[in-house]
**Student:** 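Mind looking over this structure? Questions follow.
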Amino acid sequence: MTRITFEEVARYAQKSGKCLCGTFRVRKRKFYQTLSPFNKVNGIPKTGEQIANELSAEIKAWQSEPILCSKCEAGAQSAAAQE
C-alpha cells in the first residue's frame, strides 16, 4: 500500500504570565493542519492561506485563555466535577 504524506502548515505560539497561585508560567504550543484534498471548506480543498488564517484565529483564542499551572488546573477540574 502506498503511503501519501501531505504538506503540513504549522504555526508555533507562546504565552506567558502569572498563574492564579502567583507563579510565573510559559506555555508553548504547535498549531497545524495539512494541505490535503480531505481538508475542505464547502467541498473545496483549503488553500495554505485559508489554513494560516484559521490557525491565527486558533492561536488568538488560545492566547486569550488564562495560564494555569498543573496544581491550579487540577483544582479547577475537581471543583467543576463537584458542581
Side-chain angles (χ1 to χ4, degrees):
M1 191 172 193
T2 304
R3 181 176 178 181
I4 300 172
T5 305
F6 296 107
E7 183 181 346
E8 181 179 84
V9 177
R11 299 287 183 264
Y12 295 89
Q14 177 176 317
K15 64 180 177 178
S16 58
K18 286 192 176 185
C19 176
L20 297 174
C21 62
T23 58
F24 187 78
R25 297 286 175 205
V26 176
R27 296 285 183 256
K28 298 175 186 177
R29 187 170 162 196
K30 177 182 176 182
F31 296 85
Y32 65 94
Q33 290 185 26
T34 57
L35 277 171
S36 75
F38 307 107
N39 192 358
K40 299 179 182 182
V41 173
N42 299 326
I44 301 169
K46 293 181 188 176
T47 64
E49 186 177 329
Q50 289 172 320
I51 292 173
N53 290 338
E54 286 182 12
L55 294 176
S56 294
E58 270 187 67
I59 289 170
K60 286 180 184 177
W62 177 72
Q63 287 178 331
S64 67
E65 295 173 1
I67 297 174
L68 297 175
C69 66
S70 57
K71 291 179 186 177
C72 292
E73 193 172 274
Q77 288 176 353
S78 64
Q82 290 177 355
E83 292 179 357

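One is the number of the first residue; the rest follow in order along the sequence. Values below: every heavy atom of this structure, side chains too, minus hydrogens, waters and symmetry copies.
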**Student:** Is there a continuous path of hydrophobic side-chain contacts, each under 4.5 Å between heavy atoms, that joins Ile4 to Phe38?
**Tutor:**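 Yes, it is one cluster - the side chains of Ile4 and Phe38 are joined through contacts under 4.5 Å.
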**Student:** Sub-3.5 Å donor-acceptor pair from the side chain of Asn39 to the main-chain atoms of Lys46, do we have one?
**Tutor:**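 Not confirmed, Asn39 side chain does not pair with Lys46 backbone.
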**Student:** If the condition is salt bridge (charged side-chain N to carboxylate O under 4.0 Å, His left out), which residues does Lys30 pass it with, not counting sequence neighbours?
**Tutor:**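 Here the qualifying residues are Glu8.
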**Student:** Return all side-chain donor-acceptor pairs below 3.5 angstrom for residues 56-70, not counting sequence neighbours, or 'none' if the list is empty.
**Tutor:**
from, atom 1, to, atom 2, distance (Å)
Ser56, OG, Ala52, O, 3.0
Gln63, NE2, Gln14, O, 3.2
Ser64, OG, Ala61, O, 2.7

**Student:** Might you point out which heavy atoms bring Pro45 and Gly43 nearest each other, and give the distance in Å?
**Tutor:**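 For Pro45 versus Gly43, the nearest heavy atoms are CD-O, 4.0 Å.
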**Student:** Under 6.0 Å from the OH atom of Tyr32, do we count more than 12 heavy atoms belonging to anything else shown?
**Tutor:**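 Incorrect, the count does not exceed 12.
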**Student:** Report, as yes or no, whether the 6.0 Å neighbourhood of atom OH on Tyr12 holds more than 12 heavy atoms from other residues, nucleotides or ligands.
**Tutor:**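 No, not enclosed.
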**Student:** As an exercise, state the distance from CZ of Arg25 to OG of Ser16, rounded to the nearest 0.5 Å.
**Tutor:**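 With rounding to 0.5 Å, CZ (Arg25) is 12.5 Å from OG (Ser16).
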**Student:** Compare every heavy atom of Phe6 with every heavy atom of Thr34, then report the nearest pair and how far apart it is.
**Tutor:**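 So the minimum-distance heavy-atom pair works out to CB-CB, 4.1 Å.
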**Student:** Look up atom CZ in Arg29 and atom CZ in Arg11, then write down how far apart they are to the nearest 0.5 Å.
**Tutor:**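 Interatomic distance, Arg29 CZ to Arg11 CZ, rounded to 0.5 Å: 15.0 Å.
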**Student:** For Cys19 and Cys72, which heavy atoms make the closest approach, and how far apart are they?
**Tutor:**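 It is SG-SG, 3.4 Å.
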